[in-house]
Amino acid sequence: MAAPPIRVPALLMTARIELKPTASSGTVIHWYGEYETNWLLGWVMPRYLQKFMQGMADGLARYAEEHKPAQ
C-alpha cells in the first residue's frame with residue numbers, strides 16, 4: 001500500500017507499508033519512508049521520523065495483538 005505524498009512546510013514525505021503474514025499467525029511489518037526537507041530541518045528530521053515511524057509500527061503491532069480473531 002503506497003500513500004500519497006504528505007506536504008507540510010519544507011517537507012515532502014512518501015511512505016510504504018508492507019504487511020506479510022507469518023506461519024505462526026503473526027505479521028511482519030516493513031515500513032519504509034523517504035522525505036525531502038531544507039537543510040535546517042535536515043538536522044532534526046532523521047531522529048524525529050525514526051521515533052515517529054517506530055511508534056506507528058509499535059502501535060499497529062499492539063492493535064493487531066489485542067484484536068486477534070478467535071481461533
Side-chain angles (χ1 to χ4, degrees):
M1 146 187 345
I6 299 169
R7 292 186 185 274
V8 296
L11 176 67
L12 171 66
M13 180 176 173
T14 57
R16 181 173 182 86
I17 306 162
E18 298 173 356
L19 306 175
K20 183 187 285 186
T22 65
S24 62
S25 75
T27 302
V28 173
I29 303 168
H30 182 223
W31 199 306
Y32 175 80
E34 294 181 334
Y35 65 93
E36 295 176 15
T37 188
N38 64 30
W39 68 272
L40 183 59
L41 288 177
W43 289 86
V44 176
M45 292 307 289
R47 184 174 298 172
Y48 170 77
L49 285 176
Q50 168 121 18
K51 280 182 83 174
F52 181 72
M53 290 180 138
Q54 185 65 55
M56 289 191 293
D58 291 344
L60 178 60
R62 187 172 37 257
Y63 181 89
E65 182 67 28
E66 292 169 357
H67 294 84
K68 277 185 182 178
Q71 293 184 9

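The same ILVMFWY cluster, assembled from side-chain heavy atoms under 4.5 Å apart, contains both Met45 and Trp31.
For the pair Glu18 and Lys20, the salt-bridge criterion is not met [side-chain N within less than 4.0 Å of a carboxylate O].
Note that the CG atom of Leu60 and the CG atom of Leu19 stand 6.0 Å from one another [nearest 0.5 Å]. Taking CD1 of Ile17 as the start and CE of Met53 as the end, the distance is 8.0 Å to the nearest 0.5 Å. Rounded to the nearest 0.5 Å, atoms CG (Asn38) and CH2 (Trp43) are 13.0 Å apart.
Listed by chain and number, the residues in a ring pair (Phe, Tyr, Trp, His ring centres under 6.0 Å) with His30 amount to none (sequence neighbours excluded). Remark: Glu65 engages Lys68 in a salt bridge (charged side-chain N to carboxylate O under 4.0 Å, His left out) (not counting sequence neighbours). Residues that satisfy the ring pair (Phe, Tyr, Trp, His ring centres under 6.0 Å) test with Phe52, not counting sequence neighbours, are Tyr48.
For the pair Gly42 and Thr37, the tightest heavy-atom approach, listed with the atom from each and the gap, is N-CG2, 3.6 Å.
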